[in-house]
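Down below is the structure, laid out as structure tokens.
Proteins get letters first, then strands, A, B, ... in listed order; numbering begins at 1 in each. Only this structure's heavy atoms are used, side chains among them; waters, hydrogens and symmetry mates stay out.
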Amino acid sequence: MASASGVDNTSRRKWDRQEFLERARKREVDQQARRNSSRDDSPPGEKKPLKHRDFEVDLTARLGKTQVITQVAPLDQQAGYFCSVCNCIVKDSANYLDHINGKKHQKALGMSMRVERSTLEQVQTRFETVKRKKAEGGLTDEEFEMRMLKQQREEEERKRQRKERKKEKKREKALEDAGGEVDDPEVAQAMGFGGFGMKKHSWQINYNT
Amino acid sequence: MANRTDPAAKSVHGTNPQNLVEKILREKIHQSSFWKEQCFALTAETLVDKAMELDHIGGTYGGNRKATPFMCLTLKMLQIQPEKEIVVEFIKNQDYKYVRVLGAFYLRLVGKATDVYQYLEPLYNDYRKIRQRSADGSFFLSHVDEFIDQLLTTDYCCDITLPRVPKR
């Protein structure tokens with residue numbers, strides 16, 4: 001619909017090509033920089049050698065539990081095993097273990113995949129320490145007595161707490177039954193100590209007496 | 001990768017040390033939960049702890065050919081390839097018989113014939129009882145010296161074909 005003379009007299013918005021060309025170039029440079037920086041996050045020399053997991057991986061924590069999930073729920077509430085380091089979900093315990101043992105995850109934890117080699121002395125000392133621990137960690141006399149005392153004390157406390165709870169329950173029950181009139185001596189006289197459960201409100205007529 | 005042999009390891013009997021265990025058994029071990037959970041990133045030291053917790057030896061058992069922890073630790077040793085002195089330390093250990101048996105088994109697999117006979121024959125004197133898991137999953141009683149005898153005289157033990165050593 002341009003007019004015959006080729007003049008643009010519409011009110012269309014125009015963009016400045018140069019400016020946007022520059023912006024595009026800048027964006028590309030930034031992306032390159034980001035890509036390069038993420039590649040050499042931790043130079044390989046600095047990564048720690050592979051470390052054995054001290055803790056036991058808990059695979060059965062959510063076993064048997066029922067949970068409502070939606071599509072939009074955050075990943076740590078979805079079905080499966082959630083890895084917080086990599087922010088990903090793995091559906092399977094075997095695959096979860098593979099993931100945890102895998103390259104990406106260990107890199108994220110800052111460890112390279114190489115295992116350090118042990119020397120003979122390390123092995124020997126290890127044998128000795130474990131042997132000693134097993135020998136001592138058994139019951140030396142003093143520790144045994146202390147443990148017994150502790151256990152006795154704990155049991156006594158537990159019994160005391162149970163008794164207190166029972167007493168409280170009895171008191172509450174008594175209050176409910178009487179409707180708060182337990183302490184009224186007149187009621188007790190009039191009803192022949194039948195005040196419990198017989199007269200709940202003053203306007204209630206008692207047909208039995 | 002967790003299942004790769006240590007890159008600094010030497011080849012044994014002309015092959016990657018882990019290849020001493022045949023492919024099927026090796027795959028079974030790599031898929032087992034004991035391997036994935038407990039045998040990750042073990043060094044010779046931490047392997048000591050695991051070896052002390054062993055309470056039976058055996059190959060594979062059950063209809064599914066499940067691998068015993070003993071097998072997993074053997075494969076782990078093949079993977080990290082500890083030095084000979086460390087293996088000898090395992091064998092010399094008097095207190096834990098399963099550590100001894102593990103060391104002996106490993107040495108039988110990777111050692112030269114002279115080493116094998118030199119270090120394993122003294123173990124004939126060890127007549128302690130050990131628990132062995134048979135192929136159907138039940139346990140049976142054996143002795144350390146019986147096991148050593150099996151290692152030195154037969155070709156096949158715990159589902160692994162043993163390398164050839166000359167007859168005594």
Could you measure the distance from the CD atom of B/Gln31 to the CG atom of A/Asp98? Nearest 0.5 Å is fine.
7.0 Å

Non-hydrogen contacts under 4.5 angstrom with chain A: give the residues of residues 99-129 of chain B involved, or none if there are none.
B/Val99

Just wondering, more than 12 heavy atoms not from A/Glu19 lying within 6.0 Å of its CD?
yes

side-chain hydrogen bond (donor to acceptor under 3.5 Å, both in side chains) partners for A/Asn87, two or more places apart
none

Quick one: CH2 on B/Trp35 to CG on A/Asn101, what's the gap to the nearest 0.5 Å?
10.0 Å

Which is it for A/Arg126 and B/Thr46 under the side chain to side chain contact (heavy atoms under 4.5 Å, CB included) test, yes or no, and what are the steps along the way?
CA-CA 8 Å; A/Arg126 199 46 179 256; B/Thr46 37; 4.2 Å; yes

Pairs in or reaching into residues 75-102 of chain B: which pass ring-ring contact (aromatic ring centres under 6.0 Å, His included), with residues at least two apart or in two chains?
A/Phe127-B/Phe90

Report the residue from B/Val48, B/Val87, B/Asn93 that forms a side chain to side chain contact (heavy atoms under 4.5 Å, CB included) with A/Val123.
B/Val48

Residue pair A/Thr125 / B/Glu45, side-chain heavy-atom distance below 4.5 Å:
no

Rounded to the nearest 0.5 Å, what's the gap from NZ on B/Lys36 to OG on A/Ser93? Could you check?
8.0 Å

With sequence neighbours left out, what residues match B/Glu89 under salt bridge (Lys or Arg N to Asp or Glu O under 4.0 Å)?
none

